[in-house]
Amino acid sequence: MNIEFINDAYTEDGLKLPIVHFNSKEKDICVIFIHGMCQTIIDNYFATVCGNILSENNIGFLYEHNRGHSIENDIVMKDGTFKRCGCMYEIFEDSIYDIDLAINKAQELGYKRFILMGHSYGCNKLIYYYYRKKPNILGLILASAPDMIGLQLLRQKDYKELIKEAKENIDNGDSNKILSNLIEDYMYMSSGTYYNWFHENSNLDNLPVMNNSKNWYQFETIDVPILTFSGSNETDNYLHLDSLKEKAKSCNDFEYMYINDTDHFYNEKELEIGNIIFNWIKKLKID
């Protein structure tokens with residue numbers, strides 16, 4: 001197994017994002033992994049195990065830090081300056097730049113065909129990306145895909161007050177102003193990010209399992225094979241994969257499963273996850 005850190009990759013808008021590459025001797029298929037909300041390259045141990053398994057079986061694996069890594073961070077720009085990023089300041093639509101970079105880097109490494117894999121909030125990013133760009137990929141892997149708006153409405157009792165506060169700050173030209181209350185009792189968030197993510201017509205509302213919305217239009221455009229799974233010990237939001245199958249109207253190869261006795265990060269089931277992914281790739285009808 002050959003692992004390398006790529007530290008010279010820049011997005012179209014100038015952000016330097018580190019990438020971990022699990023090398024494959026055969027430069028054919030590469031799985032590109034997009035992490036979830038506030039995560040980092042070292043957080044998702046199951047992704048590392050997955051990268052090892054795929055690399056050992058001649059499938060490449062790229063794990064990219066995106067601009068929303070950690071709660072707050074300063075990312076160096078191509079011109080040497082820094083930009084304040086992280087979950088506190090991330091704008092959902094900018095994720096297109098990050099995913100573009102990962103795909104371009106995989107192409108530069110010599111890979112010919114690609115599978116996009118997201119975990120948690122990373123799944124919402126990939127659904128939006130596919131809707132906007134219709135990339136030439138073999139399939140999508142959605143690990144613990146969430147209804148982000150539904151979760152916020154459920155968990156954030158002062159949601160309406162925060163949306164109003166965020167909008168007022170934005171209208172006053174201060175989108176970076178931090179909201180007065182914690183989000184989900186553990187993090188602060190800028191007004192611009194909170195409103196961008198959670199307002200009524202947000203692009204993030206693309207898996208509306210909980211709030212019975214009509215906003216399935218992004219998901220309904222996916223016409224490549226989909227593999228999705230969640231841990232059986234996760235909260236109810238993650239346990240309606242049958243609804244995803246029902247709404248995947250353009251997909252004729254949809255597989256879902258629940259991983260028994262594990263959580264949102266597949267603790268103690270990492271090898272099982274890696275093998276599920278490898279076996280699914282083997283089953284794809286690839287010419």
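Between the side chains of Asp223 and Tyr130, at least one donor N or O sits under 3.5 Å from an acceptor N or O. Between the side chains of Asn237 and Thr235, no donor-acceptor pair of N or O atoms lies under 3.5 Å. Side-chain atoms of Asn124 and Asn206 include a donor-acceptor pair closer than 3.5 Å. Asn196 and Glu93 share a side-chain donor-acceptor pair at under 3.5 Å. Using modelled atom types, one finds a donor on one side chain and an acceptor on the other under 3.5 Å when comparing Thr40 with Asp43.
Using bins of under 30°, 30° to 60° and over 60° for the plane-to-plane angle, the ring pair Tyr256/Tyr258 lands in the perpendicular bin. Between Phe254 and Phe219, the ring planes are perpendicular. Angles over 60° get that label, and only those under 30° would be called parallel. Between His35 and His65, the two ring planes are perpendicular [angle over 60°; tilted spans 30° to 60°].
Within 6.0 Å of the CG atom in Asn172, the count of heavy atoms belonging to other residues, nucleotides or ligands exceeds 12. Within 6.0 Å of CD on Glu161 lie more than 12 heavy atoms contributed by other residues, nucleotides or ligands. Heavy atoms from other residues, nucleotides or ligands lying under 6.0 Å from NZ of Lys27 number more than 12. Atom CZ of Arg155 is surrounded by more than 12 heavy atoms from other residues, nucleotides or ligands within 6.0 Å. The number of heavy-atom neighbours closer than 6.0 Å to CG of Asn136, taken from other residues, nucleotides and ligands shown, is 12 or below. Around CD of Gln107, the count of heavy atoms belonging to other residues, nucleotides or ligands within 6.0 Å exceeds 12. Tyr97 OH: 12 or fewer foreign heavy atoms inside a 6.0 Å radius.
In terms of heavy-atom proximity, Asn169 sits nearest to Ser191 at ND2-OG, 2.8 Å. The two atoms that bring Met148 and Phe198 nearest to each other are O-CE2, 3.7 Å, heavy atoms only. Closest non-hydrogen pair, Ala102 versus Ile32, comes out as CB-CG2, 3.6 Å. Between Asn233 and Asp261, the shortest heavy-atom distance links the atoms ND2-C, 3.4 Å. The heavy-atom pair separating Gly118 from Cys123 by the smallest distance is O-SG, 3.2 Å.
With rounding to the nearest 0.5 Å, the separation of CG in Asp147 from CG in Asp205 is 6.5 Å. Rounding to the nearest 0.5 Å gives a distance of 9.0 Å between CG of Asn57 and OG of Ser24. Here the CD1-CD distance, from Ile273 to Glu268, works out to 13.0 Å after rounding to the nearest 0.5 Å.
With hydrogens and angles disregarded, a donor-acceptor distance shorter than 3.5 Å links the side chain of Ser95 to the backbone of Phe92. At least one donor-acceptor pair under 3.5 Å links the side chain of Glu165 to the backbone N or O of Ser180. Of the possible donor and acceptor atoms, one in the side chain of Gln218 sits under 3.5 Å from a partner among the backbone N and O of Asn203. Not one N or O on the side chain of Ser250 forms a donor-acceptor pair closer than 3.5 Å with the backbone of Ile222.
In this structure, the side chains of Tyr266 and Glu234 come closer than 4.5 Å at one or more pairs of heavy atoms. For the pair Ile281/Leu54, a side-chain contact is recorded, criterion being any heavy-atom separation below 4.5 Å from C-beta on. Between His264 and Ser120 there is a side-chain heavy-atom pair separated by less than 4.5 Å. Using a 4.5 Å heavy-atom threshold, the side chains of Tyr121 and Leu204 count as touching. Ile75 is listed as a side-chain neighbour of Leu17, based on a closest heavy-atom distance under 4.5 Å. Residues Gln156 and Ile183 are in side-chain contact: their nearest non-hydrogen atoms beyond the backbone lie under 4.5 Å apart. Thr11 is listed as a side-chain neighbour of Arg67, based on a closest heavy-atom distance under 4.5 Å. Using a 4.5 Å heavy-atom threshold, the side chains of Cys30 and Leu109 count as separate.
Taking the side chain to side chain donor-acceptor pair (under 3.5 Å) definition, one finds that Asp236 meets it with His240, sequence neighbours left out. Partners of Glu255 under the salt bridge (Lys or Arg N to Asp or Glu O under 4.0 Å) rule, at least two apart in sequence or in another chain, are Lys283.
The hydrophobic clustering, which links ILVMFWY residues whose side-chain heavy atoms are closer than 4.5 Å, places Ile6 and Ile34 together. In terms of hydrophobic clustering, with Ile, Leu, Val, Met, Phe, Trp and Tyr side chains grouped at heavy-atom distances under 4.5 Å, Leu182 and Tyr186 are assigned to a common cluster. Taking hydrophobic clusters as Ile, Leu, Val, Met, Phe, Trp and Tyr residues chained together by side-chain heavy-atom distances below 4.5 Å, Leu142 shares a cluster with Tyr128. Two different hydrophobic clusters hold Phe33 and Leu101 under the rule that ILVMFWY side chains link at heavy-atom gaps under 4.5 Å. A continuous path of Ile, Leu, Val, Met, Phe, Trp and Tyr side chains, each step under 4.5 Å between heavy atoms, connects Trp197 with Tyr195, placing both in one hydrophobic cluster.
Contact check on Glu220 versus Lys249 returns a salt bridge, with a Lys/Arg side-chain nitrogen under 4.0 Å from an Asp/Glu carboxylate oxygen. A salt bridge does not link Asp98 to Lys125: none of the charged nitrogens lies less than 4.0 Å from a carboxylate oxygen. Between Lys105 and Glu108 there is a salt bridge, with a side-chain nitrogen of the basic residue lying less than 4.0 Å from a carboxylate oxygen of the acidic one.
Under the side-chain contact (heavy atoms from CB on, under 4.5 Å) rule, Ser190 has a single partner from Ile178, Asp174, Ile170, Ile91, which is Ile178. His119 pairs in a ring-ring contact (aromatic ring centres under 6.0 Å, His included) with only one of the listed residues (Tyr63, Phe229, Tyr45, Phe46), which is Phe46.
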